[in-house]
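Chain letters run A, B, ... following the sequence lines, proteins first, then strands; residues in each count from 1. Values reported hereafter were calculated over all heavy atoms of this structure, with side chains retained and with hydrogens, waters and symmetry mates removed.
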Amino acid sequence: MKYWLFKSEPETWSWEMQKKKGAKGEPWSGVRNHTAKLNMVAMKKGDLGFFYHSGDEKAVVGFASVSRPAFPDPTADDDAWIAVELKAGKKLRRPVSLAEVKADPKLANILLVRNGRISVMSLTDSEFDQIVKLGS
DNA sequence: GCCAACGTTGGC
DNA sequence: GCCAACGTTGGC
């Protein structure tokens, strides 16, 4: 199983909005970045990830899982871009802030720190576990 | 195919 | 509001 982190401006699309979609899920679309796209291509149904809020919040807020693997992005003009479908999972008991992530040596290599701009990134098992630990 | 200029994103 | 990082575009 692979682990992922999805980043979004909560004003645009928040974890709470995702949560409201319930088991039906909601496409994670609009990605126009090749690195992020490659990550999305690699996703499998059932893969687990985190939902991160950028902007004012800057914290990991909850879990999300892939409910449908890559399909053509309905918001794109051409079929070069893809979307996946996400389902919100549990909320973290407490959000894990970017400052905490940065302060944790176990998370020093996470792309959230090294490349603040990518919207979909992969996490190693140990990075995933560490964030779970910080958030519980 | 290279590189400078520009736009966008996100943190501070 | 500013700046850094990165991606994209366009001229050559």
**Request:** Give the C-alpha distance, both sets of side-chain angles, the deciding distance and a yes or no for side chain to side chain contact (heavy atoms under 4.5 Å, CB included) between A/Phe50 and A/Phe63.
**Result:** CA-CA 5 Å; A/Phe50 289 116; A/Phe63 292 92; 3.5 Å; yes

**Fill in**
The bend of the helix from B/dG1-C/dC12 to B/dC12-C/dG1, taken between the axes of its five terminal pairs at each end and rounded to 10°, is 10°

Tell me which donor-acceptor pairs under 3.5 Å the side chains of residues 114-121 of chain A have, and how far apart each pair is, sequence neighbours excluded?
{"residue": "A/Arg114", "atom": "NH1", "partner": "A/Asn109", "partner atom": "O", "Å": "3.3"}
{"residue": "A/Asn115", "atom": "OD1", "partner": "A/Arg117", "partner atom": "N", "Å": "2.9"}

**Message:** Could you check whether A/Trp13 and A/His53 have their ring centres less than 6.0 Å apart?
**Reply:** no

Below 3.5 Å is the cut-off: list the nitrogen or oxygen pairs between protein and nucleotides 8-12 of chain B, distance only.
{"residue": "B/dT8", "atom": "O2", "partner": "A/Arg117", "partner atom": "NH1", "Å": "2.6"}
{"residue": "B/dT8", "atom": "O2", "partner": "A/Arg117", "partner atom": "NH2", "Å": "2.9"}
{"residue": "B/dT9", "atom": "O4'", "partner": "A/Arg117", "partner atom": "NH2", "Å": "3.4"}
{"residue": "B/dG11", "atom": "OP1", "partner": "A/Tyr52", "partner atom": "OH", "Å": "3.0"}
{"residue": "B/dG11", "atom": "OP2", "partner": "A/Gly55", "partner atom": "N", "Å": "3.3"}
{"residue": "B/dC12", "atom": "OP1", "partner": "A/Lys102", "partner atom": "NZ", "Å": "2.7"}

**Message:** Please determine whether the number of non-hydrogen atoms from other residues, nucleotides or ligands lying under 6.0 Å from atom NZ of A/Lys19 exceeds 12.
**Reply:** yes

**Complete:** The complete set of salt bridge (charged side-chain N to carboxylate O under 4.0 Å, His left out) pairs with one or both residues in residues 31-50 of chain A, sequence neighbours excluded, reads A/Arg32-A/Asp73

**Asked** Between the main-chain N or O of A/Pro10 and the side-chain N or O of A/Trp15, is there a donor-acceptor pair closer than 3.5 Å?
**Response** no

**Request:** Apply the test side chain to side chain contact (heavy atoms under 4.5 Å, CB included) to residues A/Thr75 and A/Trp81: give CA-CA distance (whole Å), side-chain angles for both, the deciding distance (0.1 Å), then the verdict.
**Result:** CA-CA 9 Å; A/Thr75 69; A/Trp81 299 109; over 6 Å; no

**Prompt:** What distance do A/Lys2 atom NZ and A/Thr124 atom OG1 have between them, rounded to the nearest 0.5 Å?
**Reply:** 11.0 Å

**Message:** Near DNA chain B, counting only heavy atoms under 4.0 Å, which residues of residues 27-41 of chain A show up?
**Reply:** none

**Message:** Quick one, A/Glu16 with A/Val61, criterion side chain to side chain contact (heavy atoms under 4.5 Å, CB included). Give me CA distance, side-chain angles, the key distance, then yes/no.
**Reply:** CA-CA 9 Å; A/Glu16 286 77 13; A/Val61 290; 5.5 Å; no

Side-chain donor-acceptor distances from residues 128-136 of chain A under 3.5 Å, at least two apart:
{"residue": "A/Gln130", "atom": "NE2", "partner": "A/Asp104", "partner atom": "OD2", "Å": "2.7"}
{"residue": "A/Ser136", "atom": "OG", "partner": "A/Val132", "partner atom": "O", "Å": "3.0"}
{"residue": "A/Ser136", "atom": "OG", "partner": "A/Lys133", "partner atom": "O", "Å": "3.3"}

